[in-house]
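Let me begin by presenting the structure, written as structure tokens, before commenting on it.
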2 protein chains.
Amino acid sequence: MTGPKSRRRGAPLEQAILDAAWDELREVGYARLTIEAVAARAGTSKPVIYRRWGGRAELVLAAWARKLPVEPETPDTGTLRGDLRTLFSRIARRADSMMNEMVAGVMGEAFRHPEVAALLGERLSNPSPLTGAVRSIVDRAVARAELPPVELPHRVLRLPLDLVRNESMTCGAPVSEETVGSLVDDVYVPLLHGLAAVQAAGGAAEGRGVAAGSGVGAGSGLGAGGGVREDVG
Amino acid sequence: MTGPKSRRRGAPLEQAILDAAWDELREVGYARLTIEAVAARAGTSKPVIYRRWGGRAELVLAAWARKLPVEPETPDTGTLRGDLRTLFSRIARRADSMMNEMVAGVMGEAFRHPEVAALLGERLSNPSPLTGAVRSIVDRAVARAELPPVELPHRVLRLPLDLVRNESMTCGAPVSEETVGSLVDDVYVPLLHGLAAVQAAGGAAEGRGVAAGSGVGAGSGLGAGGGVREDVG
DNA sequence: GCGATAAGAAACGCAAAGTATCTAAAGGGT
DNA sequence: ACCCTTTAGATACTTTGCGTTTCTTATCGC
């Protein structure tokens, strides 16, 4: 054996710490994850971790970043709605409670640490493999003439993930099949049809869709509302 | 004066504590809010607070619940798009960083305390005054023939708030006018048109819209994906 | 091998959580 | 007016984890 006094450095040590952090995250969650526990699990000590990362949030984000996005196999059920339900369900499974608890926790700290906010935002706004799946699903639906040709803005591409995450986080529980159905049937499918319609109508007026010249109160008028702002929900 | 030894009890004391909690929240935010500080500000002591609430999350939720939802004056700019932009902007202003930091923080704890999750979920899924505003805006657009008649499912009614909150929380910064524009133009307006179209077409097939009989992979098949579930974004 | 670098171990001060104990004030009932 | 139950308010305590400091010594580049 290497003996009781072998001492790792650099990359291998870093990997060990990140692995430990990830395992700890899976076992106790973000709220109960402590630097000390990660250090212990990695067989190292706190200062080694603090020398590399600024705190829990950064450590966890680094551990997360190592996990490569899983390319979801694009579902192919034969209908737009079926494909979307399958896709949304898969997202809902993967966005399990550990993941969401982590995101919620990191978010809480992101408000105080701009660099954490930046890392998190980057992580959440680039669901690259998912956007590909959405695109293929829609393309296939267009090919089947189930949907008029439509171009999907970035916002719409990332919407599935945003919807599911929002749902999962606000109810703090796994997203039910019923909810998935509602997201697909009440929101996403109609949205796709609407986008197609709007693009067919507005034709020339690219980019900013719909009634493109109409924005009356659009700029920064924003009306009254300057007062109380106590509540949102 | 009442003298240095006047002692509040019951409701008045409770109100004082909740006010203190709210003020503290506004000043230092959820992450840095401590029970001790709230007790000090309210001129009372920790045990008094712990006798009434289980911890930060419950205390803060109670303080929040006292703030009555502000009835937003329904904007009236003359166009659907203008009204929506104004409404979304107002939501974005009210969902300021304090609010979102609080929600994020409470969410973090909600995963460990089911009762907190319940309170939070209830609070977030009933944006009653907002749904009214959305309805009026849409009704007016329908009256102007800017939009075919359309019925809005609950999910669609709460979508504006969900979209803005999601945006605000994931980027940890105020939602820009540009983002608001994207939410309205790329998502919400097309969605409304799509809903109208779908309802006009599907006519009889109420409730669950679109291709109502098609759900192939809908049930619980959910395909592969059972393996890695490491990443979402 | 030598010297710079950095890991590992231990301990620190600090802050806040949550709990326990005690006192004395408030308020209700007679 | 009194007593008696309730509970506010004060204080102190244990625990936990943070983030830091110090010191020793293993590892690596030269």
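Just so we're on the same page: letters track the sequence lines, and every chain starts at 1. Note that the structure is predicted; figures quoted are calculated from it, not measured.
Every residue was checked against the side chain to side chain donor-acceptor pair (under 3.5 Å) condition with B/E58, not counting sequence neighbours, and none meets it. With sequence neighbours left out, the side chain to side chain donor-acceptor pair (under 3.5 Å) criterion links B/S136 to no other residue. Not counting sequence neighbours, the partners of A/A31 by the side chain to side chain contact (heavy atoms under 4.5 Å, CB included) test are A/E101, B/R112.
Distance CG (A/L59) to C1' (D/dC18): 14 Å, rounded to an integer number of Å. D/dA8 atom P lies 7 Å from atom CZ of B/R9, rounded to whole Å. Counting to the nearest Å, the P atom of C/dC22 and the CZ atom of B/R7 are 16 Å from each other. Taking atom CD of A/E14 as the reference point, atom C1' of C/dA7 lies 14 Å away to the nearest angstrom.
Each of B/G43 and A/G54 lies near DNA chain D, and the nucleotide nearest B/G43 is the one positioned closer to the 5' end.
Proximity of the aromatic rings of A/F88 and A/Y188 is defined here by a centroid distance below 6.0 angstrom, and this criterion is met.
Judged by distance alone, the side chain of A/D83 and the main-chain N or O of A/I137 form no donor-acceptor pair under 3.5 Å. Within the 3.5 Å criterion, the main-chain N or O of A/V164 finds no donor-acceptor partner in the side chain of A/S168. Side-chain atoms of A/R56 come within 3.5 Å of backbone N or O of A/Y30 as a donor-acceptor pair.
DNA chain C lies under 4.0 Å from at least one heavy atom of each of the following residues of residues 44-53 of chain A: A/T44, A/S45, A/P47, A/V48, A/R51, A/R52. Residues from residues 30-41 of chain B lying near DNA chain C, meaning a heavy-atom separation below 4.0 Å, are B/T34, B/I35, B/E36 in numerical order.
The salt bridge (charged side-chain N to carboxylate O under 4.0 Å, His left out) contacts involving residues 38-49 of chain B comprise B/E24-B/R41, B/E27-B/R41, B/E36-B/K46, where partners must be two or more places apart or lie in separate chains.
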